[in-house]
Amino acid sequence: MDAFFASVELLRYPQLKGLPLVIGGGRRRADDALQASRAGLPLSEIPVADFPRLRDYAGRGVITTATYAARQFGIGSAMGLMKAARLCPDAILLPVDFDEIRRCSRAFKAVIREIAPLLEDRGIDEVYIDFTEVPGGQREGGRVLARLIQRGILDATGLSCSIGVAPNKLLAKMASEFNKPAGISVIHESDLQRLIWPLPCRKINGIGPKTDQKLQALGIHTIGELAAQPLQALLRQFGPSHGAWLHEAAWGRDDSPVVTHSEPVSVSRETTFERDLHPVRDKAELGAIFTRLCEQVAADLRAKGYVGRTIGIKLRYDDFQSVTRELTVEQYSADAREIRRIAGQCLKRVDLTRRLRLLGVRVGTLARPDLLAASPGPAPGLQAGLSLPLF
DNA sequence: TCTGGGGTCCTAGGACCC
DNA sequence: TCTGGGGTCCTAGGACCC
């Protein structure tokens, strides 16, 4: 989806079209001013002058989405809001409306599923689609079906998306970025040298800042340069698994399937405080936050229909160093008090003399309670042992 | 100028088992 | 007194993605 979070807001506030608009922020509501001016007015008639600006923000948030107009100023995703405010103080800032985002996310995925059911969910605003077997999927190399999907999403939601069509997910993902926004690009294996190899390595999905830095240090800047590296050299530098993957990716090879269903691995909640808190001096405040996080995780688990038996915490100190602790217990649970009890034991195993900026609670090793009841494992009194000598 | 929140997957070491 | 070759599970950290 193109500038998804921002585009969703533009549906409500069309008067902001073409203006630099940024979505993000932490706890502090960026739309306080808007709430006040809203009274009695249709949303689309709220004067542009009444919208909150980046310059008025003074919190710890980052940018989730910037419209293309805002990107002109050098603003981008994951940038701190304070830095963004310096680049474009007049940009309008709105908070993320998660309920509305989720609604739009479900809506656009539903449109795609109607046309092409083999869909892999890649988060709130992205999917992979296998339309090899969809009737008409091969027309114009897939371009016809891509147009159909694009049009269907626009009609149903008013939102635009960009589609890349390719022989595999790796290339399709890169292709989807060629013509943003509202673009379609179709690429074939034979386009590898011309279209893919000139790109920076960072464009490969799976090469992040760390790997890129390491590649740069080796004098490897483009995907073509990476492809030219002897496999042996990559294996030596990056280990057998990562090295082999880098080589394959540079050659545009990816045989990973489109996965239509997956079970969640963990559920977590975390929060960055408005100001750093001291475990001793701000004990009461931290305790309340801790309890709330446990309650939220428990509620999320129950809403999704899962229980878990690995309970963990995450801390971030004021110097941004993060630590985690976890404990796996016998009994599955989705109970806030039980989660808090185990998480509390984890807390005892970390340094609590330094100021914290973040606290998180996580539950892993998940199971569905209904399935658990169906196969309770070895019941007491029914256990048997059998051993045979090996030789 | 400090850097959100929710996830997945991988690695590596240690405990423990056969 | 020295020392194998599997395997699973648990834990901590880190890279990466949306």
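Side chains included, hydrogens not; waters and symmetry mates left out as well; all remaining heavy atoms used. Here is how names work: the chains are called A, B, and so on, in the same order as the sequence lines, proteins then strands, and each is numbered from 1.
Ring planes of Phe238(A) and His242(A): perpendicular class, angle over 60° (limits at 30 and 60°).
Whole-Å rounding puts the Glu120(A) CD to dC18(C) P distance at 12 Å. Following rounding to the nearest Å, Ile313(A) (CD1) and dG6(B) (C1') show an atom-to-atom distance of 18 Å. For the pair Glu126(A) CD and dC17(C) P, the interatomic distance rounds to 11 Å; values are reported in whole Å. Rounding to whole angstrom units, NZ of residue Lys180(A) and P of dC18(C) are separated by 10 Å. Arg362(A) has its CZ atom 14 Å from the C1' atom of dG5(B), to the nearest Å. In this entry the distance linking CG of Leu81(A) with P of dG5(B) reads 12 Å, nearest Å. Rounded to a whole Å, the CZ atom of Phe273(A) is 14 Å from the C1' atom of dG5(B). A straight line from CD of Glu263(A) to P of dT8(B) spans 11 Å, rounded to a whole angstrom.
A side chain to side chain donor-acceptor pair (under 3.5 Å) with Ser105(A) is found for exactly one of Arg102(A), Arg103(A), Lys109(A), namely Lys109(A). In summary, of the residues considered (Leu356(A), Asp276(A), Leu358(A)), a side chain to side chain contact (heavy atoms under 4.5 Å, CB included) with Tyr317(A) occurs for Leu356(A) alone.
Within the nucleic acid shown, Ser77(A) has no heavy atom closer than 4.0 Å to any nucleic acid atom. The residue Lys173(A) sits close only to the backbone: its heavy atoms come under 4.0 Å of sugar-phosphate atoms, none of a base.
For the pair Arg316(A) and Phe320(A), the distance from NZ or CZ to the six-membered ring centre is under 6.0 Å and the angle to the ring normal is within 45 degrees.
The side chain of Lys203(A) places no N or O atom within less than 4.0 Å of a non-bridging phosphate oxygen (OP1 or OP2) of dC17(C). A sub-4.0 Å separation between OP1 or OP2 of dC17(C) and a side-chain N or O of Lys169(A) is absent. Within the structure, every side-chain polar atom (N or O) of Arg269(A) is placed at least 4.0 Å from both OP1 and OP2 of dG7(B). Proximity of Ser266(A) to the phosphate of dG6(B): no side-chain N or O atom is located under 4.0 Å from OP1 or OP2.
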Using a 4.0 Å cut-off on protein heavy atoms (strictly under), produce a 5'-to-3' string for nucleotides 9-16 of chain C with B for base contact, S for backbone-only sugar-phosphate contact, and - for none. -SBSS-SS

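Residues Tyr13(A) and Phe51(A) place their aromatic rings such that the two centres sit under 6.0 Å apart.
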Go through it in stages, so that I can follow the logic: the residues are His221(A) and Gln216(A), the test is side chain to side chain donor-acceptor pair (under 3.5 Å), and I'd like the CA-CA distance, side-chain angles, deciding distance and then a yes or no. CA-CA 6 Å; His221(A) 304 96; Gln216(A) 302 260 10; 3.2 Å; yes

Could you check Tyr128(A) against Leu119(A) for side-chain contact (heavy atoms from CB on, under 4.5 Å), going step by step and ending with a plain yes or no? CA-CA 6 Å; Tyr128(A) 288 110; Leu119(A) 176 148; over 6 Å; no

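Taking for each of Ala78(A) and Arg86(A) the nucleotide of DNA chain B with the nearest heavy atom, the 5'-most of the two is the partner of Arg86(A). Two residues, Asp319(A) and Ser268(A), neighbour DNA chain B, and the one matched to the more 5' nucleotide by heavy-atom proximity is Asp319(A).
By the criterion of a centre-to-centre distance under 5.5 Å and near-parallel planes under 30°, the ring of Phe320(A) forms no stack with the base of dC2(B).
With Lys83(A) contributing its side chain and Val62(A) its backbone, the two residues share no donor-acceptor pair below 3.5 Å.
Of the candidate nucleotides dT3(B), dG7(B), dT1(B), dT3(B) has the atom lying nearest to any side-chain atom of Arg60(A).
Ion pairing between a basic and an acidic side chain is recognised when a charged N comes within 4.0 Å of a carboxylate O; Glu285(A) and Arg275(A) show such pairing. Under 4.0 Å is where a charged nitrogen must lie from a carboxylate oxygen, and between Arg362(A) and Glu326(A) at least one such pair does.
dG4(B) and dC17(C) have their C1' atoms separated by 14 Å, with the value rounded to a whole Å.
Base orientation at dC2(B) is syn, since its O4'-C1' glycosidic dihedral falls within 90° of 0.
When base pairs are accepted only as Watson-Crick or G-U wobble with both N-N or N-O distances under 3.5 Å, DNA chain C takes part in stems of 3 or more pairs at B:5-18 with C:5-18.
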